[in-house]
Undergrad: 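This is the structure I want to talk about, given as structure tokens.
Whatever order the structure lists them in is the order used to number ligands and atoms, beginning at 1.
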Amino acid sequence: MGVKVAKFGGSSVADVIQIKKTKEIIESDPDRKYIIVSAPGKRFDGDNKITDLLYLCYTHREHNLPYEQLLQVIHDRFSSTATNLGADIDFDESFREISETLAEGCSSDYMASRGEYLSAKLIAAYLGYDFVDSAGMVFFDNKGKFLEEETNEALAHALENHERAVIPGFYGTVMGTDEIKTFSRGGSDVTGALVARAVEADVYENWTDVSGFLMADPHIVENPKPIHEISYKELRELSYMGASVLHEDAIHPARIANIPINIKNTNEPDNPGTVIKAHHEDKENNDIITGIAGKKDFTVIAIYKNMMAQERGFVRRILGILEDFDCNFEHIPSGIDNVSVVVSNKDLDGRIDELVAAFEKQLNIDHIECFEDMALIATVGYGMNRRKGVAAQLITALANADVNLRMIEQGSSEINIIVGVENKDFEPAIRAIYNAFA
Ligand code: ASP
């Protein structure tokens with residue numbers, strides 16, 4: 001018998017119907033022993049996520065506004081779900097405690113974490129599994145930095161004593177204290193990966209409301225093909241460039257323990273979804289590309305200086321200035337007498353003129369040019385590795401779509417090609433690339 005860790009997102013535990021589906025999925029495979037849950041999500045368009053309501057309660061309290069009614073809405077939602085499921089659990093005591101703690105002045109992390117806490121209590125009662133709290137098992141230091149190894153040890157030790165358990169996602173505690181600390185939003189994915197690593201699971205199943213990853217954003221490309229298999233590395237590239245289904249930090253724990261992640265759809269459990277693992281099974285027959293993702297709103301700052309290539313430390317000084325501005329750089333394509341830095345407009349935060357002035361003052365350059373409103377698009381896939389003509393095919397597709405290519409970069413691992421285009425060409429460029437390869 002194996003061990004599967006299954007994480008169910010907010011939509012999978014949003015209401016009675018969804019929770020019944022979740023139970024059916026869990027019970028259809030006895031290997032599904034460790035279950036991680038999110039707080040209940042939206043039940044319909046326009047509904048509220050429990051986590052958002054909890055943050056709202058906190059904000060009301062912080063501003064001395066009444067919050068009791070809001071808290072009652074959350075209480076009622078949990079209680080009626082429990083009653084309709086016939087689960088043997090009473091939430092009155094929990095809500096009394098939450099209300100008291102809030103009145104005394106708790107942290108927003110504590111408040112937000114109660115969604116996962118109560119959700120796990122409910123699902124554990126409904127399934128007849130043990131409830132095991134993440135507080136005291138998932139650790140952060142007092143600056144809020146996640147403590148990976150300490151957490152792994154504590155989880156492995158605690159879960160040894162539970163054959164089947166439901167664990168709340170999203171939060172833990174500051175080590176050595178009772179202070180609750182959460183991951184960033186969507187962080188239950190991370191808890192799931194941590195549990196998978198700690199119990200040495202055969203697979204980490206991440207149950208959500210989509211059947212895995214698609215090759216491109218369906219808002220841009222009509223009916224994009226699903227991705228059945230993707231490597232951790234490819235996924236990192238795509239997530240970084242904006243493809244989102246799984247929390248970015250959920251990949252690392254699974255990757256170091258070499259545990260495949262299977263993204264599955266609670267509403268379509270027979271769909272195989274997407275499997276994320278170290279390598280593709282069948283490298284020979286891979287499609288050329290695995291996926292396309294991109295982001296808008298970057299600025300390219302092109303710096304020109306005669307004989308730049310001969311000058312030692314030039315790029316280091318550019319990076320030093322970016323550091324002074326607390327700006328990350330995304331790419332630095334360079335030529336003989338020029339180098340460009342690509343920076344996100346978010347990082348620039350309206351300071352482009354100051355940054356240009358700093359470059360001019362400190363670098364003794366000939367000329368500088370800025371191209372704002374640029375988009376970056378990553379085309380990712382192991383299939384590109386050592387295959388001839390891929391970049392040519394991509395550039396031709398863009399040319400045929402009348403897209404002006406402003407920048408192109410290929411990673412030396414040959415699993416990605418990044419192109420820079422103007423924001424206005426973002427969608428047509430993605431469609432052109434998709435149609436060329438998919
Ligand atoms: N409930 C939290 C959120 O809405 C965490 C999660 O669902 O993963 O962000």
Undergrad: Applying salt bridge (charged side-chain N to carboxylate O under 4.0 Å, His left out), name anything that partners Lys42, two or more places apart in sequence or on another chain.
TA: none
Undergrad: I'd like to know if Lys23 and Glu27 make a salt bridge, using a cut-off of under 4.0 Å between side-chain N and carboxylate O.
TA: yes
Undergrad: Within the 3.5 Å criterion, strictly below it, is a donor on Asp76 or Gln72 matched to an acceptor on the partner's side chain?
TA: yes
Undergrad: Between the side chains of Asp202 and Lys4, is the shortest nitrogen-to-carboxylate-oxygen separation below 4.0 Å, so that they form an ion pair?
TA: no
Undergrad: Write down, by chain and number, every protein residue that brings a non-hydrogen atom to less than 4.0 Å from an atom of ligand 1.
TA: Ser38, Thr51, Glu116, Phe170, Arg185, Gly186, Gly187, Ser188
Undergrad: Looking only at side-chain N and O atoms, does Glu179 offer a donor or acceptor that is under 3.5 Å from a partner on Asn142?
TA: no
Undergrad: Is it the case that the side chain of Ser99 and the backbone of Phe95 share a donor-acceptor pair, with hydrogens and angles ignored and the cut-off at 3.5 Å?
TA: no
